[in-house]
Amino acid sequence: MTRLLIATYNYEAGGYRDGAFNMRPLQQTFAGLDTPPAIILFCEAKHYRRNQHEGLRLAEKTLTEALHAPYTGLLGTSQHGPIPPAIFYNTYLVTHLAWPGDDPHDPDVFPDKRNVGRFRTNATGAEFGA
């Protein structure tokens, strides 16, 4: 059995204020952790698709620097506007296998499968969803 630390984080508006991103509170929150999470379930990735995914890339960089581990983000979809969830995963610990529903209008993805990723632990090969 592999134990993985999973974090949930609700970052108000994803750090987006007055047309710019402020990742300092995100950095401060995660800098205090002793163990980098394998997965961070992230709420309110507001406007993270703008400017070639600028917000998503800034959050990845912030988490990577704060936790001294490589993080990659997967941006979800939302029917309520440009404020989807995101998942950030530590590539040292897990591998991303699938992220269905990148396109919110894809008729081949059922609503209960959107924003649910499939991952594999690098240590044992066990697969799980998040």
Side-chain angles (χ1 to χ4, degrees):
M1 175 187 287
T2 300
R3 288 181 180 237
L4 298 173
L5 179 64
I6 308 285
T8 59
Y9 190 65
N10 186 351
Y11 191 21
E12 185 177 344
Y16 188 81
R17 304 221 188 344
D18 301 322
F21 291 100
N22 175 7
M23 296 296 169
R24 188 157 175 78
L26 178 66
Q27 187 274 334
Q28 291 171 333
T29 297
F30 283 95
L33 293 182
D34 293 330
T35 304
I39 301 278
I40 300 169
L41 304 173
F42 192 91
C43 192
E44 296 192 37
K46 185 175 184 181
H47 296 307
Y48 276 28
R49 279 193 174 80
R50 286 187 177 174
N51 301 321
Q52 299 178 343
H53 293 84
E54 176 187 15
L56 186 69
R57 301 301 168 235
L58 286 170
E60 288 173 335
K61 182 179 182 217
T62 299
L63 291 167
T64 295
E65 290 173 358
L67 294 162
H68 308 291
Y71 282 87
T72 298
L74 299 169
L75 194 55
T77 61
S78 174
Q79 297 174 337
H80 305 291
I83 193 161
I87 292 181
F88 294 91
Y89 63 99
N90 180 332
T91 61
Y92 282 158
L93 302 175
V94 297
T95 298
H96 159 245
L97 299 175
W99 184 247
D102 282 336
D103 176 358
H105 306 292
D106 185 345
D108 293 328
V109 178
F110 291 103
D112 66 336
K113 300 300 182 220
R114 292 191 192 284
N115 303 323
V116 178
R118 294 289 309 160
F119 298 88
R120 177 185 306 122
T121 64
N122 293 343
T124 66
E127 294 185 14
F128 64 97

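Everything numeric in this text was worked out from a predicted model, so none of it was measured. Note that these values count all heavy atoms, side chains included, but never hydrogens, waters or copies made by symmetry.
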### Task
Determine yes or no for a side-chain-to-main-chain donor-acceptor pair under 3.5 angstrom, with T72 supplying the side chain and Y89 the backbone.
no
## Note on the structure
In this structure, CG of L33 is separated from CD1 of I40 (nearest 0.5 Å) by 8.0 Å
### Task
Establish whether L97 and L74 are linked, either directly or via other cluster members, by ILVMFWY side-chain heavy-atom contacts under 4.5 Å.
no
### Carboxylate-amine/guanidinium proximity below 4.0 Å for R57 and E60
yes
### Query
L75 and A45: which non-hydrogen atoms are nearest, and at how many Å?
CD1-CB, 3.7 Å
### Task
Enter the distance from H68:NE2 to F30:CZ here, rounded to the nearest 0.5 Å.
14.0 Å
### Task
Measure the spacing between NE2 of H47 and CZ of R49 and express it to the nearest 0.5 Å.
12.0 Å
### Message
Whether the side chain of N122 engages the backbone of T91 through a donor-acceptor N/O pair (distance < 3.5 Å, no angle test) should be reported.
### Response
yes
### Query
Which heavy-atom pair separates P25 from N22 by the least distance, and what is that distance?
CD-OD1, 3.5 Å
### Query
Do you know which of L63, T64, N90, L5 makes side-chain contact (heavy atoms from CB on, under 4.5 Å) with P36?
N90
### Task
Determine, step by step, whether K46 and E12 satisfy the side-chain contact (heavy atoms from CB on, under 4.5 Å) criterion, reporting the C-alpha distance in whole Å, the side-chain angles of both residues, the deciding distance to 0.1 Å, and the verdict.
CA-CA 9 Å; K46 185 175 184 181; E12 185 177 344; over 6 Å; no
### Query
Rounded to the nearest 0.5 Å, what separation is found between the CG atom of L41 and the CD1 atom of I87?
5.5 Å
### Message
Under a 3.5 Å distance rule, please check whether T121 uses its side chain to pair with a backbone N or O of A126 as donor and acceptor.
### Response
yes
### Single hit among F119, Y11, F42, Y71 for ring-ring contact (aromatic ring centres under 6.0 Å, His included) with F88
F42
### Summary
So CD1 of I83 and OH of Y48: to nearest 0.5 Å the spacing works out to 10.0 Å
### Query
What heavy-atom pair brings V94 and A38 nearest, and what distance separates the two atoms?
CG2-O, 3.9 Å
### Query
Between atom CD of E65 and atom CG of L26, what is the distance when rounded to the nearest 0.5 Å?
11.0 Å
### Message
Counting neighbours of CD on E127 that are heavy atoms of other residues, nucleotides or ligands and sit closer than 6.0 Å, is the number greater than 12?
### Response
yes
